[in-house]
Amino acid sequence: MAKFMAVWGVVMVAVVVWSAAMAAAGNFNEEFDITWGEGRGKILEKGQLLTLTLDRTSGSGFQSKHEYLYGKIDMQLRLVPGNSAGTVTAYYLSSQGAAHDEIDFEFLGNVTGEPYTLHTNVFTQGQGNREMQFRLWFDPTKDFHTYSILWNPKHIIFMVDDMPIRDFRNLEGKGIAFPKNQPMRLYSSLWNADDWATQGGRVKTDWSHAPFSASYRAFRADACVVAAGGRTRCGASVGTDAAPGSGAAAAAAWYNQELDLTRQQRMRWVQSKYMIYNYCTDPKRFPQGLPAECSM
Ligand SMILES: *[C@@H]1O[C@H](CO)[C@@H](O)[C@H](O)[C@H]1NC(C)=O
């Protein structure tokens, strides 16, 4: 009997810890609305997995229920496998309106065996034209990988599996707008862009491979979340992969985070090896001169 009780005690403790972890972990139903695609976007596995699909009739997409004003947003994505030419998986933060701010990841598919293009951009006050494109150092269709946006008052840092690939600095002091007043939602969509996406639009979507599908899991936002009435609450860690009991300490970490020297060097190394386009080195596009931040 005593032995039985002891074993039961262990089971009880395990159950309590597990349920606490589940409560902290949250699920996709709490964080996102599937906003288009008539059933082509799905939340599965008790809210721990989200999938988007694209077929000849329609793509699909979702958006966060919350709006964020600064945050570190992590998500694991697995992109459309096989012949994904013509498909685009967009994953971005954006505010509303003509003078909106936006922080973009876009994944441009390719024919089987050829590499995806990871496209990034930053819009401030409605103005973009800040494209930087990369190859990835792994096959993004085989496994899930973490794509992160760190947006704090000083930086917008794009990261892939925690490796910084791009740092858009706050240069307001030099007259360059920086996103800081307009809350943004997180959006993602899978759609057909075969008029331009793959090899400049020369390769079309092969619908015999449809439906195309991309998957999402392990969402985490350590962010300032806009609450009812427009006030923001910083420090909450939410999502399917939220840090339990994080809060003030985690918030302070991302809010002030910058790249130290080592991480800056790593970023430069990644850029030198994997960057395939940089608006700052494309003067033909800017007859009036390169954007001011390019020389800073
Ligand atoms: C697809 O593969 C071709 C050939 O390797 C490459 O030039 C192109 O940049 C790749 N990506 C896209 C999106 O076209």
Side-chain angles (χ1 to χ4, degrees), residues 37 40-41 51-56 58-62 75-94 102-123 128-149 158-161 163-166 168 186-216 267-286 290 294:
R40 289 176 183 81
T51 60
L52 294 181
T53 58
L54 160 72
D55 58 34
R56 204 190 280 266
S58 175
S60 50
F62 65 87
M75 181 90 88
Q76 290 186 8
L77 276 72
R78 190 175 62 202
L79 301 172
V80 175
N83 185 348
S84 59
T87 72
V88 170
T89 306
Y91 176 72
Y92 59 103
L93 285 167
S94 182
E102 190 177 314
I103 304 168
D104 287 329
F105 274 116
E106 278 185 51
F107 302 91
L108 317 186
N110 216 331
V111 291
T112 307
E114 296 300 330
Y116 263 71
T117 296
L118 169 55
H119 175 99
T120 65
N121 204 354
V122 175
F123 284 71
N129 295 327
R130 297 194 176 96
E131 298 84 358
M132 288 171 79
Q133 295 184 336
F134 301 83
R135 291 272 179 258
L136 293 162
W137 48 93
F138 50 82
D139 178 350
T141 71
K142 258 199 137 125
D143 295 300
F144 284 90
H145 290 270
T146 304
Y147 301 90
S148 307
I149 296 169
F158 295 76
M159 283 168 279
V160 176
D161 288 336
M163 174 73 90
I165 61 166
R166 175 170 188 179
F168 181 80
L186 183 65
Y187 297 85
S188 188
S189 55
L190 173 58
W191 46 291
N192 177 41
D194 66 2
D195 50 338
W196 61 271
T198 303
Q199 301 180 30
R202 286 193 303 279
V203 184
K204 301 296 172 194
T205 302
D206 180 351
W207 295 109
S208 72
H209 296 282
F212 302 99
S213 173
S215 308
Y216 304 75
M267 181 175 75
R268 293 221 185 85
W269 181 83
V270 167
Q271 290 179 345
S272 71
K273 276 200 82 126
Y274 295 100
M275 187 160 63
I276 55 170
Y277 178 80
N278 178 1
Y279 72 109
C280 280
T281 58
D282 190 5
K284 282 197 303 278
R285 259 186 75 199
F286 303 97
L290 287 171
C294 293

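Counting convention: from 1, in listed order, for ligands and their atoms alike. This structure is a prediction, so every number in the text was calculated from the model and none was measured.
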With sequence neighbours left out, the residues meeting ring-ring contact (aromatic ring centres under 6.0 Å, His included) with Y279 are none
I'd like a table of donor-acceptor pairs (distance under 3.5 Å, sequence neighbours excluded) in which one partner is a side-chain atom from residues 78-86, with atom names and distances.
residue : atom : partner : partner atom : Å
N83     : OD1  : A85     : N            : 3.2
S84     : OG   : N110    : N            : 2.9
S84     : OG   : N110    : O            : 3.1
S84     : OG   : Y116    : OH           : 3.3

Suppose we screen for side chain to side chain contact (heavy atoms under 4.5 Å, CB included). Which residues come up paired with T53, at least two apart in sequence or across chains? R40, P211, S213
Check ligand 1 for close polar pairs with the protein: N or O on both sides, less than 3.5 Å.
residue  : atom   : partner : partner atom : Å
ligand 1 : 2 (O)  : N110    : OD1          : 3.4
ligand 1 : 2 (O)  : N110    : ND2          : 2.5
ligand 1 : 2 (O)  : Q199    : NE2          : 3.4
ligand 1 : 5 (O)  : E114    : OE1          : 2.6
ligand 1 : 9 (O)  : R135    : NH2          : 2.8
ligand 1 : 11 (N) : N110    : ND2          : 2.8
ligand 1 : 11 (N) : P115    : O            : 3.4
ligand 1 : 11 (N) : T117    : OG1          : 3.2
ligand 1 : 14 (O) : Q199    : N            : 2.7

Do Y274 and I165 have side-chain heavy atoms sitting under 4.5 Å apart? no
Is any side-chain heavy atom of L190 closer than 4.5 Å to one of F62? no
Check whether the side chains of Y187 and S94 place a donor and an acceptor atom closer than 3.5 Å, and report yes or no. no
